Amino acid sequence: MTPQIGVLALQGAVAEHERALRATGAEVRKVRRPSELEGLDGLVVPGGESTAMARLAAPVHLMPAIRQRLDDGMAVLGTCAGLILAADTVSDAEALKGFERIRGLGVVVRRNAYGSQLNSFEDHLDVDGLDSPLPAVFIRAPIIEDITSADVEVLAESHGNPVAVRQGKILAASFHPELTPDFRLHQLFTDLSSE
Amino acid sequence: MTSTSDNNATTATGATTVNTGLAQMLKGGVIMDVVTAEQATIAEEAGAVAVMALERVPADIRATGGVSRMSDPDLINGIIDAVSIPVMAKARIGHFVEAQILEHLKVDYIDESEVLSPADYVHHIDKSKFKVPFVCGATNLGEALRRITEGASMIRSKGEAGTGDVSEAMKHIRTINSEIAQLRSMADDELYVAAKELQAPYDLVKKVAQDGRLPVVMFVAGGVATPADAAMMMQMGADGVFVGSGIFKAGNPAARAAAIVKATTYYDDPAVITEVSKGLGEAMVGLNVSDLPAPHRLAERGW
């Protein structure tokens, strides 16, 4: 069976994830409403502005709907803003206060923790499960400040911080695997969705 | 001038992946002009993906006349402190020292903008010399490709700022789309001539012909004032929209801003666009572009 994977398409790098997922053999569709989650094996929550996504999701209660599907076994890949929306705790949550998030990933994240766009950078990461370094683009990236669940497995680090983590059916990265032509992290996710 | 980064790889366009990538993260979103920290907070609260910090919105620049310049650094700093979303700010066309100041202030994007008075009528800023990304205006494909060659990481079609008249924005995105469609249908040997006519490098022209789109993100700007305007631009293939005077020159800025954000996400759903268009109060008072004498048409600045 071809895995069915959705990309949350409220705002952000949607087309880039669609392209990457198709390259891994998944059937891909956009998700903007709770009903569109039906039948999905996995959902990517892309990079973008977490504040904008949280506000767009609120009127249709999309975040709790995603959480419900996650609890029912759907896999979730969160990149950058997606990591923020999947995290149990956001340490500087001022601009997200009062808005639902997915939660479920036992980490504490801080938004824009590296500084302004001038501090955005590229790196090559050793990732658990990949046999050679993965190119990674960090853009106004969040930092995983703390891990609060024993079930969280760190897959990669950069400058001493965890930057790719996994907990059950949640895979999350503070960087953008969708911006390079190396789709191995997407392959891991498509495989996780198929499990 | 500031040096380019050593550790950021450059892509085919000359811009770095982190800089073209930030524009990719803004896609499907609305970037709003703000003149105070309070307006910036309203914009973020409404779901803007970024704010453009400036001293006067284009409608007021038009009304005031005279030379229009980069904003006071204190104003820009106040806006950077007020929000968690990216902050952009405008430098005059060709004014590389204003750009150096904006980079020093750590804005996230510089807009080399025709809305301000040009500082150089021949040269644009050499954007490849900067680490901070630039967005530049364009009215046609050749202009967009020249800006990308100079190092722009993002393009916005110009429209006619400060009018609330969407007709120029429509004209510019239609022009760019149709010029890209023409390139797609050309044989390889015809692309050499096309590059000459577009006054853009052959490699870039060939890439556009192959991909069927610009190599960087393109937003639409200039005259967007309603949710329907924003949705129409998205249906025309824009990656996102800039709204300048359209929000804070309207009767109820917070409601209008949130409505435009929603219409941009659900741009192909008339039910949502209808719903968000209700009860927004007064739109900005418009100016018909056809009534503007040529010297007051901002889109004609830049080349």
Side-chain angles (χ1 to χ4, degrees), chain A residues 8-17 30 32-33 46-60 62 79-81 84 90 92-99 110-112 114-124 135-142 175-176 178-181, chain B residues 2 5-9 11 16-31 41 43-50 80 82-88 103-110 130-133 153 213 217 239-240 257-258 261-262 264-269 272 275-276:
Chain A
L8 187 68
L10 297 172
Q11 185 274 312
V14 177
E16 292 79 356
H17 276 293
K30 293 184 176 71
R32 290 179 296 177
R33 302 168 179 84
E49 287 304 318
S50 57
T51 52
M53 289 187 214
R55 281 160 177 79
L56 283 159
V60 289
L62 195 45
T79 59
C80 197
I84 294 164
V90 180
D92 54 336
E94 189 78 1
L96 288 165
K97 205 176 273 172
F99 291 94
R110 176 176 292 278
R111 300 176 61 223
N112 306 330
Y114 293 92
S116 77
Q117 174 62 7
L118 286 174
N119 301 104
S120 292
F121 63 99
E122 292 180 56
D123 201 352
H124 282 81
V137 185
F138 293 80
I139 299 175
R140 288 172 45 93
F175 57 90
H176 295 283
E178 74 281 11
L179 291 185
T180 73
Chain B
T2 45
S5 154
D6 295 323
N7 54 6
N8 291 340
T11 60
T16 62
T17 303
V18 293
N19 283 346
T20 53
L22 176 55
Q24 286 168 279
M25 299 310 138
L26 304 177
K27 285 194 301 180
V30 183
I31 300 170
T41 308
E44 180 173 44
E45 202 48 54
V49 291
I80 289 173
V83 293
S84 66
I85 54 179
V87 175
M88 301 182 166
E103 181 172 67
H104 181 75
L105 289 171
K106 297 194 172 80
V107 301
D108 296 297
Y109 243 94
I110 295 176
F130 290 79
K131 189 178 179 195
V132 68
S153 297
R213 59 157 298 140
V217 163
D239 287 321
V261 167
K262 254 190 179 174
T264 302
T265 290
Y266 297 97
Y267 65 91
D268 54 356
D269 186 338
V272 174
E275 202 48 45
V276 301

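Computed from a predicted structure; not experimentally measured. Chain identifiers are assigned alphabetically (A, B, ...) following the order of the sequence lines, protein sequences preceding nucleic acid strands; residue numbering begins at 1 within each chain.
Using a 4.5 Å heavy-atom threshold, the side chains of A/Glu49 and B/Met25 count as separate. In this structure, the side chains of B/Pro86 and A/Gln117 stay at 4.5 Å or more apart for every pair of heavy atoms. Counting heavy atoms from C-beta outward, A/Asp92 and B/Ser84 have side chains that stay 4.5 Å or more apart.
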task: Give the C-alpha distance, both sets of side-chain angles, the deciding distance and a yes or no for side chain to side chain contact (heavy atoms under 4.5 Å, CB included) between A/Phe121 and B/Thr16.
output: CA-CA 10 Å; A/Phe121 63 99; B/Thr16 62; over 6 Å; no
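Within the 4.5 angstrom heavy-atom criterion, only backbone atoms of A/Phe138 (N, CA, C, O) approach chain B. Contact of B/Asp239 with chain A is not made at all, since no heavy-atom distance falls under 4.5 Å. The part of A/Ile139 that comes within reach of chain B is its side chain, from C-beta onward, which places non-hydrogen atoms under 4.5 angstrom from that chain. Only the side chain of A/Pro59 comes within contact range of chain B, with heavy atoms under 4.5 Å apart. For A/Ala81, no part lies near chain B; criterion is any non-hydrogen pair under 4.5 Å.
Here the closest non-hydrogen pair linking A/Thr51 and B/Glu44 is CG2-OE2, 4.1 Å. Residues A/Ala15 and B/Lys27 approach most closely at CB-NZ, 4.1 Å, considering heavy atoms. Here the shortest heavy-atom pairing between A/Glu122 and B/Thr17 reads OE2-CB, 3.6 Å.
Side chain of B/Tyr266 to main chain of A/Arg32: a donor-acceptor pair is present (N/O by atom type, distance under 3.5 Å, no hydrogens or angles). Between the side chain of A/Ser116 and the backbone N or O of B/Asp108, no donor-acceptor pair lies under 3.5 Å. With hydrogens and angles disregarded, a donor-acceptor distance shorter than 3.5 Å links the side chain of A/Arg55 to the backbone of B/Glu45.
One finds no salt bridge joining A/Lys30 and B/Asp268 here, because no Lys/Arg side-chain nitrogen approaches an Asp/Glu carboxylate oxygen to under 4.0 Å.
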